[in-house]
Amino acid sequence: MKTPVQDLETFSDNALMLKVKDGHLDTLGLLFERYKKPLFGFFYGMNKDPELSEDLVQNVFFRILKYRYLFRGEGDFKTWMFHIARNVNHDHYRKNKLGKAESVESWENRLGHDDAYSVQLQQDEEAKMLTLALGRLPADKREIILLSKYQEKKYKEIGEILGCSEGAVKVKVFRALQELKVVYQQLEKQM
Amino acid sequence: MEQERINGLVEKYNQGQAGPADIRLIEQLIEEGRIDLSQLAQLKQLDDLVMKFETPAPSADLDDNFYQMLKTVKQKNKRFSWSRFFAWPEFAPKLAFASVMLIIGFLGGYLFFPSPSSNKEVAELKDEVLQMKEMMMLSLLEKESATERLKAVSLTSEMSSVSDKVTNALLQTLNNDENINVRLEALEALKPFVRDSRIRSELVRSIGKQDSPLVQVALAELMVQLQEKSSVKELRKILENKNTPRDVKKQIEEGIKTMT
């Protein structure tokens, strides 16, 4: 026999979010379980700071709760969530004035100091190179690559998050991958 | 651009020979949806790597913090707070509902319970209409045409209440009108007001003034109906009159008998 929770697990993201909107706040837990990893991955990919990334994931879910009345259920929940995630990320850097001041060095330093994560990454040479290469990309290019990854290449939805057309998103992804390729090749040569 | 040229361009890019002009063209074709990103082999390899690349999992702290936050928000939600009650997104529909109900209430009140002032207005209006009807009736009674006078007399049946002016005019018509039908109609019109003793005595007095047997009989019948004993004297005068037809005398005699 299925329990009510098991039943809820088969619900679509939108159906769950509409329940949250109706005041069943516990249902947010299911959405949290579904998306905590991709969201963490997105933030971690952006700042390489696990603690900060966790805080930002928490902020995203806090905003989802706070602005739940704005969710109409017409669009995709995941798109709406990443839209919020992007705003949370921007707000964080605006508040801390880190956005432009952030250098590749500080970013790499953070990576070096974070032993638990770097050890895991060092085991995989390719992954380490990719992480380094991503870190050397400008924030907007890093963001589009991460959005493409966590939105599973749904360019139309990414367009909704960024406020541009599907074609424009594809060009952005192309340019970001082009630059990533160049950085990646440079790193390969250094190895 | 022909498909062959596009394929050539993609091939050139994949071999790493595309120049800046080629790149611009490729970007344009990507935007138009004529080149798919997956066709660009070198980039696809890197893209696949990005997609495959596993990010580390968040720590258990994230779970703890999230569920703690959820608990706090739920507790806050349970508590009633004026600021939340008046929070615009939730307050707006409440306010709209309350406004609509208020308007419906006012409308309902206005429609079903007219205000005293409007009641007064309606009464004044009714009074004015009545006065107009009376004036019309009195002026019609002056007309030469008997039909017009008949119309005037029948107008009183539409009036809920009448003034002494009207009843006097009707009594005068009953006593003096040259047309028998008009007189009979006037008697008919006076019937609703026979409770008034003044009108009853005027009717009794009217018996002696009538020369038409039809009106005399009608009056006698009315007196019987009213059991107006004071009329007997006047009725006897008709009996004494030589010109009174026999049938009329007989009817009046029977009437007097029922009254005495």
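We name chains A, B, ... by the order of the sequence lines, and we start the count at 1 in each one.
The parts of Leu49(B) that come within reach of chain A are both its backbone and its side chain, each placing non-hydrogen atoms under 4.5 angstrom from that chain. Only the side chain of Tyr150(A) comes within less than 4.5 Å of a heavy atom of chain B; its backbone N, CA, C and O stay farther away. Neither the backbone nor the side chain of Glu51(A) comes within contact range of chain B, judged by heavy atoms closer than 4.5 Å. Only the side chain of Leu65(A) comes within contact range of chain B, with heavy atoms under 4.5 Å apart. Only the side chain of Leu130(A) has a heavy atom closer than 4.5 Å to any heavy atom of chain B.
Note on Lys170(A) versus Glu31(B): no salt bridge recorded, every NZ/NE/NH1/NH2 to OD/OE distance being 4.0 Å or above. Of the charged side-chain nitrogens involved, at least one lies within less than 4.0 Å of a carboxylate oxygen, so that Lys74(B) and Asp26(A) count as a salt-bridged pair.
Checked against a 6.0 Å centroid threshold, the rings of Phe66(B) and Phe62(A) do not count as neighbours.
The shortest side-chain heavy-atom distance between Ile23(B) and Phe174(A) falls under the 4.5 Å cut-off. Here the side chains of Glu54(A) and Asp61(B) are in contact, with some heavy-atom distance below 4.5 Å. In this structure, the side chains of Lys153(A) and Asp47(B) come closer than 4.5 Å at one or more pairs of heavy atoms.
Between the CG atom of Leu37(B) and the OH atom of Tyr155(A) there is a distance of 4.5 Å, given to the nearest 0.5 Å. Rounding to the nearest 0.5 Å places CG of Leu43(B) at 13.0 Å from CZ of Arg175(A).
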Asp63(B) vs Lys36(A), salt bridge (Lys or Arg N to Asp or Glu O under 4.0 Å): CA-CA, chis, key distance, verdict: CA-CA 9 Å; Asp63(B) 287 13; Lys36(A) 63 180 179 185; 2.9 Å; yes
Residues Val50(B), Leu180(A); criterion side-chain contact (heavy atoms from CB on, under 4.5 Å); working and verdict: CA-CA 10 Å; Val50(B) 171; Leu180(A) 184 68; 3.9 Å; yes
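Counting all heavy atoms, side chain and backbone alike, Glu33(A) lies closest to Tyr67(B) at OE2-OH, 2.7 Å. Contact record, Ile30(B) with Val171(A): CG2-N, 4.0 Å, taken as the closest heavy-atom pair.
Distance alone, capped at 3.5 Å, places no donor-acceptor pair between the Lys37(A) side chain and the Ala57(B) backbone.
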